[in-house]
Amino acid sequence: MSWRTRSSLTWLRALAGVKADETLASRTSFGIGGPAEFFLELGRPEAIEKAIEGCCQRDIPYLLLGAGTNLLIADRGIEGLVIRVVNREHEIEGTRVRAGAGLKMMRLARIVADANLRGFEFAIGVPGTVGGAVYQDAGCWGKEIREVLVSAEGFVPGAGKQTWDPPALTLGYRTSALRDGALKGALVVSATVQLQRGDGEEAKRLMAKLTRERSETQPIKTKNCGSVFKNPTGDSAGRLVQAAGLKGAREGAAIVSTLHGNFIVNEGGATAADVRRLIERVMVEVKRRFGIQLEPEVEMVGRWK
Ligand SMILES: Cc1cc2nc3c(=O)[nH]c(=O)nc-3n(C[C@H](O)[C@H](O)[C@H](O)COP(=O)(O)OP(=O)(O)OC[C@H]3O[C@@H](n4cnc5c(N)ncnc54)[C@H](O)[C@@H]3O)c2cc1C
C-alpha cells in the first residue's frame with residue numbers, strides 16, 4: 001500500500017518551514033537532479049529527529065541531505081521528504097572537538113587549525129559535511145575519519161538518541177553501518193574527534209599545498225561528485241578507466257574527465273540519466289576489458305524508473 005494517504009500528506013504539508021517541489025540540483029555539487037516532493041532545512045537536532053520519526057510512523061520515505069557532494073539525484077526527483085541537515089555548531093575542549101553533522105569538513109579543518117590542533121588536515125579534501133563523512137568514512141590522502149573519530153551522536157527512529165563508538169559504526173573504506181548495515185536511515189547528529197596540539201600555521205600551509213597539488217590532477221573546480229567509483233582492492237578506479245580508453249567518454253553533457261578517469265563532470269545541462277548511462281558504460285567496459293567489477297562510490301537516489 002502506498003504511503004501517500006490523505007493524512008500523511010496533511011502531516012507533511014503542516015510541517016513548519018516545509019516546501020513542496022523544491023529544487024535540489026543547486027544543492028548538489030553535480031548541479032543535477034529533480035525536485036524534492038517535500039523539503040525541509042533543519043538545524044535543531046530535535047526538529048530533525050521529530051521529522052524522521054514522523055516519517056517512519058507513516059511509512060513516508062525520507063532522505064537526509066548534507067552538502068550533496070556524493071549524490072546523483074534522479075531527474076524525476078525524490079519522493080517523500082528530503083531533510084537538509086544544517087546544525088553547524090562546534091565545541092573545542094582541549095584536543096577533543098565535537099562538531100554538528102551539518103558543518104562542512106573543510107570548514108572544520110580550518111577551525112581546528114586556527115585552534116592549533118593537528119591531525120585533521122585530510123578533511124580539507126572532503127567537501128561534504130561531518131554527517132556525510134561519518135556516513136561512509138570519508139577520507140583523503142590516505143587518512144579516513146575513523147582514524148580520529150571518538151564517537152558519534154545519533155538518532156535511530158523508533159529507538160531514540162544513541163551514542164556510537166567506532167566499532168558500532170563498522171566504518172571501513174567508504175562504508176559503515178549507516179550506509180550499508182544495521183543503522184540505515186539513522187541520523188548522525190554530531191561527531192567527536194580526537195586531535196593533537198600542534199602548529200596551526202603549519203597545518204594551513206600543508207592544506208594549501210595538498211589542495212594546490214590536487215587541483216593539478218583532479219577537476220575539483222568543476223561540477224562533479226568526487227570519485228565516482230570505489231577503488232578496487234589493490235588497484236585504482238581512475239587507472240582502470242584510463243586504461244580502458246574511457247577518459248573523455250561522453251553521454252550528453254556528462255563527460256569522463258580528461259584530467260582524472262574517476263571523475264565525471266557535468267559540463268552544463270547534463271541530466272542524471274546522462275551520468276548514469278556513462279557510469280554504466282564505464283562499468284561494462286572495465287569489466288569486459290579487465291574482468292573487474294567497479295562499484296559506484298556515488299549514491300544514486302530518487303525516482304529512476
Ligand atoms: C570535488 C569533490 C572531491 C571529493 N573528494 C573526496 C575525498 O577526497 N574523499 C572522500 O571520502 N569523499 C570525497 N568526495 C565525496 C564527498 O565529499 C563525501 O562522500 C562526503 O562525505 C559526502 O558528504 P555530504 O555532506 O556531501 O553528503 P551528501 O552527498 O549530502 O549525502 C551522502 C549520503 O550521506 C547521508 N548523510 C548526509 N548527512 C547525514 C547525516 N547527518 N546523518 C546520516 N546520514 C547523512 C545522506 O543521506 C546520503 O545517503 C568529494 C566530492 C567532491 C564533489
Side-chain angles (χ1 to χ4, degrees), residues 24 27-33 36 41-43 45 48-49 51-52 61-73 78 80-88 99-109 121-146 152-157 162 164 169 171-180 183-191 210-211 214-215 217-231 238 257 259-260 262-266 296-302:
L24 291 176
R27 295 181 169 100
T28 70
S29 56
F30 248 143
I32 293 176
E41 188 165 282
L42 294 172
I48 309 172
E49 291 163 13
I52 61 177
Y62 64 90
L63 176 83
L64 299 166
L65 179 66
T69 61
N70 197 46
L71 290 177
L72 179 61
I73 295 176
I78 297 186
L81 181 64
V82 173
I83 305 168
R84 186 156 181 254
V85 177
V86 294
N87 59 322
R88 298 181 178 131
L103 187 64
K104 294 243 180 94
M105 291 285 280
M106 287 178 159
R107 171 101 185 92
L108 187 57
E121 294 90 328
F122 73 95
I124 204 73
V126 182
T129 60
V130 167
V134 172
Y135 175 82
Q136 57 166 19
D137 196 20
C140 203
W141 299 295
K143 188 161 182 184
E144 328 295 324
I145 195 164
R146 68 170 178 270
E153 297 73 42
F155 178 83
V156 180
Q162 301 194 347
W164 303 304
L169 288 165
L171 296 162
Y173 173 61
R174 307 299 172 260
T175 183
S176 76
L178 294 152
R179 179 165 176 162
D180 303 305
L183 293 174
K184 258 183 182 214
L187 165 75
V188 177
V189 172
S190 66
L210 291 170
T211 305
R214 195 179 195 195
S215 66
T217 55
Q218 297 180 4
I220 54 175
K221 298 218 169 81
T222 62
K223 290 183 176 167
N224 68 83
C225 67
S227 296
V228 175
F229 301 104
K230 297 184 185 181
N231 287 320
S257 167
L259 199 55
H260 194 296
N262 202 12
F263 280 69
I264 288 179
V265 172
N266 170 13
E297 177 172 328
V298 62
E299 257 185 273
M300 295 178 236
V301 294

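Each ligand, and each atom within it, is numbered from 1 in the order the structure gives. It should be emphasised that the depicted structure is a prediction, and the values quoted were computed from it without experimental measurement. If you read the sequence from its start, that first residue is 1, and numbering goes on from there.
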J.: For side chain to side chain contact (heavy atoms under 4.5 Å, CB included), just list the numbers for Ile145 and Met105, CA-CA rounded to whole Å, side-chain angles, deciding distance to a tenth of an Å, and then say yes or no.
T.: CA-CA 10 Å; Ile145 195 164; Met105 291 285 280; 3.9 Å; yes

J.: Nearest non-hydrogen atom to atom 28 (P) of ligand 1 belongs to which of Ala123, Gly132, Ala186, Gly68?
T.: Gly68

J.: Closest approach of Asn224 and Pro219, non-hydrogen atoms and distance?
T.: ND2-O, 3.2 Å

J.: Okay, side chain of Asn87, backbone of Pro45: is any donor-acceptor separation there less than 3.5 Å?
T.: no

J.: For ligand 1, indicate whether the residue Arg214 contacts it via side chain, backbone, both or neither (heavy-atom separation under 4.0 Å).
T.: side chain

J.: Say whether Gly66, considering both its backbone and side-chain N or O atoms, lies within less than 3.5 Å of an N or O atom on ligand 1.
T.: yes

J.: May I ask you to identify the nearest protein heavy atom to atom 25 (O) of ligand 1, giving residue, atom name and distance to one decimal place in Å?
T.: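 Of every protein heavy atom, Thr129 OG1, 2.7 Å lies nearest to atom 25 (O) of ligand 1.
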
J.: For Phe229, is there any backbone N or O sitting under 3.5 Å from a side-chain donor or acceptor partner on Asn262?
T.: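 It does hold such a pair.
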
J.: Check for me whether Gln218 has a heavy atom closer than 4.0 Å to any atom of ligand 1.
T.: no

J.: Which ligand 1 atoms, with their elements, are less than 4.0 angstrom from a heavy-atom of Cys225?
T.: 51 (C), 52 (C), 53 (C)

J.: May I ask you to identify, for Arg174, whether its side chain, its backbone, both or neither come under 4.0 Å of ligand 1 on a heavy-atom basis?
T.: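 Side chain only.
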
J.: Taking side chain to side chain donor-acceptor pair (under 3.5 Å) as the definition, give me every residue that meets it alongside Lys223, ordered by chain and number, with sequence neighbours left out.
T.: none

J.: Has Tyr173 got a side-chain atom pairing as donor or acceptor with Lys230's backbone, closer than 3.5 angstrom?
T.: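 No, because the side chain of Tyr173 does not come within donor-acceptor range (under 3.5 Å) of the backbone of Lys230.
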
J.: With rounding to the nearest 0.5 Å, note down the distance linking CD in Glu299 to CD1 in Ile73.
T.: 10.5 Å

J.: Kindly compute the distance separating CD (Gln218) from OG (Ser227), expressed to the nearest 0.5 Å.
T.: 6.5 Å

J.: Using heavy-atom distances only, which candidate in Thr69, Leu65, Leu183 approaches atom 26 (O) of ligand 1 most closely?
T.: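 The nearest heavy atom belongs to Thr69.
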
J.: Please round to the nearest 0.5 Å and tell me the distance separating atom CD of Glu144 and atom CZ of Arg146.
T.: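 Going from the CD atom of Glu144 to the CZ atom of Arg146 covers 5.0 Å.
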
J.: Taking ring-ring contact (aromatic ring centres under 6.0 Å, His included) as the test, write out the residues that go with Tyr62, two or more places apart.
T.: none

J.: Between Ala67 and ligand 1, which residue portion shows a heavy-atom distance shorter than 4.0 Å: side chain, backbone, both, or neither?
T.: both

J.: Can you tell me if Leu178 has a non-hydrogen atom under 4.0 Å from ligand 1?
T.: no

J.: Mind listing the closest non-hydrogen atom pair of Gly31 and Asn266 along with its distance?
T.: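 So the two residues come closest at O-ND2, 3.8 Å.
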
J.: Geometry only, no angles: is Gly125 polar-contacting ligand 1 at N/O separations under 3.5 Å?
T.: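 N/O-N/O distance below 3.5 Å exists for this pair.
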
J.: Specify the protein heavy atom at minimum distance from atom 48 (C) of ligand 1: its residue, its atom name, and the distance to 0.1 Å.
T.: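 Residue, atom and distance for the closest contact: Glu299 OE1, 3.6 Å.
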
J.: Say whether, by atom type as modelled, one donor and one acceptor occur between the side chain of Asn70 and the main chain of Gly226 under 3.5 angstrom.
T.: no

J.: Tell me the protein heavy atom at minimum distance from atom 47 (O) of ligand 1, and give that distance in Å.
T.: Leu64 O, 2.5 Å

J.: Under 4.0 Å from a heavy atom of Ala133: which atoms of ligand 1 are those, numbered in the order shown and with their elements?
T.: 21 (O)

J.: Say whether, by atom type as modelled, one donor and one acceptor occur between the side chain of Arg174 and the main chain of Gly139 under 3.5 angstrom.
T.: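 At least one qualifying donor-acceptor pair exists.
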
J.: Can any side-chain N or O of Arg214 pair as donor or acceptor with the backbone N or O of Ile220 at less than 3.5 Å?
T.: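 A pair under 3.5 Å: no.
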
J.: As an exercise, identify every atom of ligand 1 less than 4.0 angstrom from a heavy atom of Tyr135.
T.: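 This gives 33 (C), 34 (O), 35 (C), 44 (N), 49 (O) as the contact atoms.
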
J.: Among all protein heavy atoms, pick the one closest to atom 12 (N) of ligand 1 and tell me residue, atom and distance.
T.: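 Scanning the protein heavy atoms, the shortest distance from atom 12 (N) of ligand 1 goes to Glu297 OE2, 4.1 Å.
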
J.: Tell me: protein heavy atom nearest atom 1 (C) of ligand 1, and distance?
T.: Asn224 OD1, 3.4 Å

J.: Relative to atom 10 (C) of ligand 1, which among Cys140, Gly226, Gly128, Gly139 owns the nearest non-hydrogen atom?
T.: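 Heavy atom nearest to atom 10 (C) of ligand 1 belongs to Gly139.
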
J.: Among protein heavy atoms, which sits nearest to atom 29 (O) of ligand 1, and what does the distance come to when rounded to 0.1 Å?
T.: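 Checking every protein heavy atom, the shortest distance to atom 29 (O) of ligand 1 gives Asn70 N, 2.9 Å.
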
J.: How far is atom 39 (C) of ligand 1 from its nearest protein heavy atom, and which residue and atom name does that atom have?
T.: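 The protein heavy atom lying closest is Gly131 C, 3.9 Å.
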
J.: For atom 40 (C) of ligand 1, which candidate among Val188, Val130, Thr222 holds the nearest heavy atom?
T.: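 Among Val188, Val130, Thr222, the closest heavy atom to atom 40 (C) of ligand 1 belongs to Val188.
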
J.: Answer with side chain, backbone, both or neither: which part of Ala101 has a heavy atom less than 4.0 angstrom from an atom of ligand 1?
T.: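 Side chain only.
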
J.: What part of Gln136, side chain from CB on, backbone N/CA/C/O, both or neither, has a heavy atom under 4.0 Å from ligand 1?
T.: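 Side chain only; the backbone of Gln136 stays clear of ligand 1.
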
J.: Using a strict 4.0 Å cut-off to heavy atoms of Ser29, name the atoms of ligand 1 that fall inside it.
T.: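 With Ser29 as reference, the close atoms of ligand 1 come out as 53 (C).
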
J.: Considering heavy atoms of the protein only, find what lies nearest to atom 4 (C) of ligand 1 and give residue, atom and distance to 0.1 Å.
T.: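 Sorting protein heavy atoms by distance from atom 4 (C) of ligand 1 puts Pro127 CD, 3.5 Å first.
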
J.: Stepwise, does the side chain to side chain contact (heavy atoms under 4.5 Å, CB included) test hold for Ile124 with Trp141?
T.: CA-CA 10 Å; Ile124 204 73; Trp141 299 295; 3.6 Å; yes

